[in-house]
Amino acid sequence: MISNLINRKIFTLLKVQYSNMLEYRVEIALWAISGIIPFFMLNIWTNNNLNESINISDVMLSRYFLCAFFVRQFSVVWVVFSFEEDSLMGKVSPYLIQPLNPFFRYFAQHIAEQITRFPFAIVISFFFFIFNPESLWMPNLGILFLSIISTFLSFLIQFLIQSIVACLCFWTEKASSIERLIFIPTLFLSGLLAPVASFPDYVKSWIYLTPFPYLIDFPANLLSGNRTSVFGGFSMQIIWIVLLFQVFRKIWSEGTKKYTAMGS
Amino acid sequence: MKPRKYLKVYTKFLHTSLASELEYKTNILIDLITAILSLIGSIFLLSIFFQNNRTIGGWEFEEALIIQGIYTILNGITNTWFNPNLTEIVKHIREGTLDFVLLKPIDSQFFISLKKINPSGFLEIILGFCLLLFCMRINQINFNFSLLTLSLISIICSICILYSLWFFICTTTIWFVKTWNAIEVLRSFLYIGRFPLNSFSFSLRIFFSVFIPIAFITTIPSEVFLGISELWKILLEIIVSSVFLITSRKFWLFALKFYSSASS
């Protein structure tokens, strides 16, 4: 019965948020477009023959960046900004009374947004294949399934990191500047702008212990068929999720005790 | 136009917004760290491109650093002036408070473009200048008066183009109400200003110099700085920037005709 209740809750939340998202289709299309930085990077790589030095062929590199684009589309998180706005406006107080952690609401929002964004991402990749017909390929079903899971895990890692940052709103009203700080290593170390394989050795020696390569580099390598360690990647993702979840639970319970509603 | 009155109003703006921003001291500290990390990240990315190559699009690493320097300065200016003010337009229009701006006995574009200031961008400007000074040493650029004037002119033109692009997108809110994501698209396009224009393929080069002159913004001032720019390029930049400025002004006045207040 309890599972039935949870199922119904999740389903309703998703339905509500999905219809919410459909209201702003142009916005979501624009957001999809704003993620095309990997393609500009690909252009620099191939146009200057930089890939020869790192032993990745042109075709594999273009697939890598296309997959990086896809993974980024489905792992973007913006909880901090929603939560900061809600907490400044005092909207968090009614959420706290409800028998449901408010983060489920944001979680449903993100999933709904990803579903809305899916067609736009498909259209963009369609154009990508028109310009790069030689890179067209079809990953086999097993790989596809695994990479969807790893993309979802990457989304979970980012969601947890941002939720932790969002909980800092309870202490300092403006958590978005901390978010911007964390975004910098995410941008440069996750493999969005350059595959982690191309990094110099002194970075590669420690970077695989941080969560960053598992945000984009690992799922993108998996999906594009580039060389990567499947087992190692998944176990690191799960370890980070478990760790971050513990931190989140702790900071959430501390934060709600600390919480004083705005305006009351 | 009364320049003295506007100068006086502007000093008042500076005073109030600095006072209100300095309330969040930790925020400013975090922003400073973000700026430093962001510069380190960009240089790191650039060094990946150059680790096995001498040149990218004809630019050596030492020369490409100049582009980074100018990009950092411009990004600092964006963060200090454009971002806090122009995103405010969206808020003004959504909440109908643009009425109050229009009623004031002062030019509305002046008011909404310069009202606020975000001091954390200053560090980025300083960092950019330091990087430029360092580049002057490693590139053995002789500093003289004509170099100074020409590079100042080209940087001022870049600032004008950048401002016009931001202002143009924010003005479209009068019709579309929500343009946060359009700003994100502009931001991701601006991102390519970190790299020399020549490192992109021909079609992208055309796109980024004719349709959205983003590459102009950093590449031409860097060429001027290196002393390898031809006169026609500087003239072209002056023409482009004045066209952009005049168009953005005309567009603002045109858009205001369509403004209908949100609540009345």
Side-chain angles (χ1 to χ4, degrees), chain A residues 23-24 26-55 72 76 78 81 131 165 168 171-189 192-203, chain B residues 23-53 55-59 79 120 169 176-192 194-196 198-205 207-208 214:
Chain A
E23 243 186 284
Y24 302 110
V26 180
E27 284 224 327
I28 289 170
L30 281 175
W31 206 338
I33 294 172
S34 77
I36 60 174
I37 293 178
F39 300 151
F40 298 145
M41 290 298 135
L42 171 66
N43 197 283
I44 293 187
W45 281 93
T46 50
N47 204 42
N48 296 293
N49 296 323
L50 296 174
N51 48 336
E52 284 163 11
S53 54
I54 54 166
N55 287 324
R72 178 79 190 140
V76 164
W78 72 99
F81 303 98
F131 289 115
V165 174
L168 297 177
W171 286 272
T172 120
E173 275 100 59
K174 284 191 170 182
S176 56
S177 63
I178 302 170
E179 206 299 303
R180 277 200 297 276
L181 180 64
I182 291 177
F183 181 67
I184 299 291
T186 314
L187 185 66
F188 291 107
L189 301 178
L192 184 68
L193 305 174
V196 175
S198 71
F199 287 3
D201 287 328
Y202 67 90
V203 178
Chain B
E23 265 186 58
Y24 300 99
K25 288 200 187 66
T26 27
N27 238 20
I28 291 176
L29 188 74
I30 293 168
D31 282 344
L32 297 184
I33 301 169
T34 310
I36 294 170
L37 281 184
S38 166
L39 185 63
I40 292 173
S42 325
I43 294 174
F44 168 68
L45 183 67
L46 207 62
S47 73
I48 290 173
F49 288 155
F50 282 98
Q51 61 186 345
N52 293 307
N53 284 50
T55 59
I56 282 183
W59 291 70
N79 286 339
S120 57
I169 289 193
F176 304 124
V177 184
K178 272 175 113 181
T179 43
W180 292 117
N181 291 358
I183 294 171
E184 283 306 311
V185 174
L186 176 66
R187 238 188 254 253
S188 65
F189 280 176
L190 284 179
Y191 194 85
I192 69 126
R194 289 171 197 233
F195 307 104
N198 284 343
S199 56
F200 293 97
S201 68
F202 184 70
S203 44
L204 268 187
R205 245 183 281 169
F207 180 73
F208 284 120
I214 284 161

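Note that these values count all heavy atoms, side chains included, but never hydrogens, waters or copies made by symmetry. Per chain, numbering begins at 1; letters A, B, ... match sequence-line order.
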Name the region of [X], side chain, backbone, both or neither, that has any atom closer than 4.5 Å to a heavy atom of chain A.
X: B:Ile48; result: side chain
X: B:Phe44; result: side chain
X: B:Leu37; result: both
X: B:Ser42; result: both
X: B:Phe208; result: side chain

With a 4.5 angstrom heavy-atom cut-off, could you sort out which part of A:Ile37 is near chain B: side chain, backbone, both or neither?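 Side chain only.
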Do A:Phe199 and B:Gln51 have side chains that get closer than 4.5 Å, going by heavy atoms?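 No, too far: nothing below the 4.5 Å cut-off.
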In Å and rounded to the nearest 0.5 Å, what is the [atom1] to [atom2] distance from [X] to [Y]?
X: A:Phe183; Y: B:Ser38; atom1: CZ; atom2: OG; answer: 10.0 Å
X: B:Phe195; Y: A:Met41; atom1: CZ; atom2: CE; answer: 3.5 Å
X: A:Ile178; Y: B:Ile33; atom1: CD1; atom2: CD1; answer: 10.0 Å
X: B:Ser199; Y: A:Trp45; atom1: OG; atom2: CH2; answer: 12.5 Å

Under a 4.5 Å heavy-atom cutoff, which of [options] has the most pairs with chain B?
options: A:Val203, A:Ile182, A:Ile44; answer: A:Ile44
options: A:Ile28, A:Asn49, A:Leu30; answer: A:Leu30
options: A:Ile184, A:Asn43, A:Ile36; answer: A:Asn43

What heavy-atom pair brings [X] and [Y] nearest, and what distance separates the two atoms?
X: B:Ser201; Y: A:Asn47; value: N-ND2, 3.3 Å
X: B:Gly57; Y: A:Asn48; value: N-OD1, 3.2 Å
X: A:Ser177; Y: B:Ile30; value: O-CG2, 3.5 Å

Any salt bridge (charged side-chain N to carboxylate O under 4.0 Å, His left out) involving residues 26-49 of chain B? Give me the pairs, sequence neighbours left out, ordered by first then second residue.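 Those involving residues 26-49 of chain B are A:Arg180-B:Asp31.
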Name the option with the most non-hydrogen atom pairs under 4.5 Å to chain A; the candidates are B:Phe50, B:Tyr191, B:Phe189.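 When all of B:Phe50, B:Tyr191, B:Phe189 are compared, B:Tyr191 has the most.
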